[in-house]
Amino acid sequence: MTKRTKRMLIMLGAVALLIALLALGFFLHIRQLMASSPKPAPQTVSATIIRKVDWQPHLSSVGTLVAVRGVDVTSEIAGLVRTINFKSGQEVRAGQVLLQLNADADLAQLRALEAAAELAASVLARDRQQFAVQAISQAQIDNDAADLKSKQALAAQQAALVAKKTIRAPFAGKLGITTVNPGQYLNPGDKIVTLQTIDPIYVDFYIPQKQLGGLQVGQVLNLTSDAHANTAFAGKVSAISSKVDPATRNVQVEATVANPQRQLLPGMFANVHVEVGGKQPYLTLPQTAITYNPYGSTVFVVHPAPPPKAGAPPPKAGELVVQQVFVTTGETRGDQVAVLTGLTEGQQVVTSGQIKLKNGSPVVISNVVEPRNNPQPTPQEH
């Protein structure tokens, strides 16, 4: 190796050593700057301690209220309205007269037929006396008896026609609003008034087929309606359909609900909650504590700040940080949600303010304003 080559190698080594020393100095300077830079300010959040509570499993659905019995009262025959014996919205008894059609001509025809039947009965009685002394034949007696039955049948037919001119309530219930007036002509099938039996009342709702195993006749349910938001109505499952709808894979369920105050009306929709099985202990959190993401549901768990790395300033006494944890959620109940996996009882979980957090963020807990955590919330008046 020549002296010139040796000098070049020595010079290149010196340059490389200088660059390495400069890089090391720059790295140490940056590290010192990072260590001495101020930490981010703690974020103010609300938090709660997760606890186990008894949770009553239930099925929820939206149903439609249906009258136990309901019908549009109509006239079977045509006629002119003579009298109306009810008021709109009135409670009526079974068989109570609601409306009377004009039946004068029909009554007159009935009297004529009844008189003809009476005459036929008299003729039959007289001919039987004559037959007893062999004055007439048996054939005459038979003709007289047939004539009597024919005239009695005609009279009965006319009496049934007259009875149809009196419209009666087919069952007890509450009437709707009528638009029929005296003097109005009714055709067969014209609606007179709606009649509904609404105490008790049915509620029809659907549940998925996978929940059918937890449902049986006689189970207790609670029903609420926005018409009476602060009132819960108790009922029982009275029937379960014998088939599953192949289009939706849902099964129809019918429940009977007491309605003594007539607060529930047919056609209303209602929120139905059916209790299923016994109570089970679940870890619960306010629903605001859960952050739902496409990759999974997460919460932020509060921990004491970990020991600092070498060269870093020590944490302040009582300093708290957060860690993001994946969880599996279950059923919801009011403002609460059941947590199935990911947490243990006693952990402190952030309930609001998560949007400004990430792993390791320092936090300050302030529960001056807490999110709602009510299993049975009610509407708030503003």
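- Heavy atoms from other residues, nucleotides or ligands lying under 6.0 Å from CD1 of Ile49 number more than 12.
- Around atom CZ of Arg128, no more than 12 heavy atoms belonging to other residues, nucleotides or ligands sit under 6.0 Å away.
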- Message: For a salt bridge (charged side-chain N to carboxylate O under 4.0 Å, His left out) check, start with the C-alpha distance between Arg82 and Asp104, then their side-chain angles and the critical distance, and finish with the verdict.
- Response: CA-CA 11 Å; Arg82 170 170 285 180; Asp104 292 343; 2.8 Å; yes

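- Rounded to the nearest 0.5 angstrom, Gln43 CD and Leu357 CG are separated by 6.5 Å.
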- Message: Before you tell me yes or no, could you show the steps for Thr194 and Asp72 under side-chain hydrogen bond (donor to acceptor under 3.5 Å, both in side chains), namely the whole-Å CA-CA distance, both residues' side-chain angles and the distance that decides it to 0.1 Å?
- Response: CA-CA 4 Å; Thr194 296; Asp72 288 337; 2.9 Å; yes

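- Shortest non-hydrogen contact noted between Pro170 and Val71 is CG-CG1, 4.1 Å.
- Within 6.0 Å of the CD atom in Glu91, the count of heavy atoms belonging to other residues, nucleotides or ligands exceeds 12.
- Residue pairs meeting the side chain to side chain donor-acceptor pair (under 3.5 Å) criterion with at least one partner in residues 350-363, sequence neighbours excluded, are Ser46-Thr351, Ser46-Ser352.
- In the hydrophobic clustering of this structure, Val257 groups with Ile198; members are Ile, Leu, Val, Met, Phe, Trp, Tyr whose side-chain heavy atoms approach within less than 4.5 Å, directly or through other members.
- Looking at Asn271, its side chain never comes within 3.5 Å of a backbone N or O of Leu223 through a donor-acceptor pair.
- Contact between Glu345 and Lys52 at its shortest, heavy atoms only, is OE2-N, 3.5 Å.
- Taking CG of Leu221 as the reference point, atom OG1 of Thr256 lies at 9.0 Å (rounded to 0.5 Å).
- Without hydrogens or angle criteria, His228 side chain to Gln263 main chain gives a donor-acceptor distance under 3.5 Å.
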- Task: Check step by step if salt bridge (charged side-chain N to carboxylate O under 4.0 Å, His left out) holds for Lys164 and Glu76.
- Result: CA-CA 7 Å; Lys164 290 178 181 179; Glu76 190 175 347; 3.1 Å; yes

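- More than 12 heavy atoms of other residues, nucleotides or ligands lie within 6.0 Å of CZ in Phe86, so this atom counts as buried by the packing criterion.
- When hydrophobic clusters are built by joining Ile, Leu, Val, Met, Phe, Trp and Tyr residues whose side-chain heavy atoms come closer than 4.5 Å, directly or via intermediates, Leu65 is grouped together with Val237.
- Not one N or O on the side chain of Ser297 forms a donor-acceptor pair closer than 3.5 Å with the backbone of Asn293.
- A donor-acceptor pair under 3.5 Å is formed between the side chain of Ser88 and the backbone N or O of Thr178.
- The backbone N or O of Ala232 lies less than 3.5 Å from no partner atom in the side chain of Thr224, so there is not a single donor-acceptor pair.
- We find the CD-CD distance between Glu114 and Gln109 to be 11.0 Å, quoted to the nearest 0.5 Å.
- Under a hydrophobic-cluster definition in which Ile, Leu, Val, Met, Phe, Trp and Tyr are linked whenever side-chain heavy atoms come within less than 4.5 Å, directly or via other members, Val253 and Val68 are assigned to different clusters.
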- Leu215 and Leu59: side chain to side chain contact (heavy atoms under 4.5 Å, CB included), yes or no, with the steps? CA-CA 9 Å; Leu215 194 67; Leu59 305 177; 4.3 Å; yes

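- Leu340 CG to Leu283 CG: the interatomic distance, rounded to the nearest 0.5 Å, is 9.0 Å.
- Rounding to the nearest 0.5 Å gives a distance of 11.0 Å between OG1 of Thr291 and CZ of Phe326.
- Residues Phe171 and Val92 share a hydrophobic cluster, clusters being chains of Ile/Leu/Val/Met/Phe/Trp/Tyr side chains in contact below 4.5 Å.
- Inspection of the Asp142 and Gln138 side chains reveals an N or O donor paired with an N or O acceptor under 3.5 Å.
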- Step-by-step side-chain hydrogen bond (donor to acceptor under 3.5 Å, both in side chains) determination, Gln100 to Thr166: CA-CA 5 Å; Gln100 180 67 55; Thr166 302; 2.7 Å; yes

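- A donor-acceptor pair under 3.5 Å is formed between the side chain of Asp199 and the backbone N or O of Asn259.
- Listed by chain and number, the residues in a side chain to side chain donor-acceptor pair (under 3.5 Å) with Ser242 amount to none (sequence neighbours excluded).
- One distance of note links CG of Asn85 with CZ of Arg168; it measures 10.0 Å at 0.5 Å rounding.
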- Can Asp147 and Lys151 be said to form a salt bridge (charged side-chain N to carboxylate O under 4.0 Å, His left out), step by step? CA-CA 6 Å; Asp147 184 59; Lys151 289 183 169 55; 2.7 Å; yes

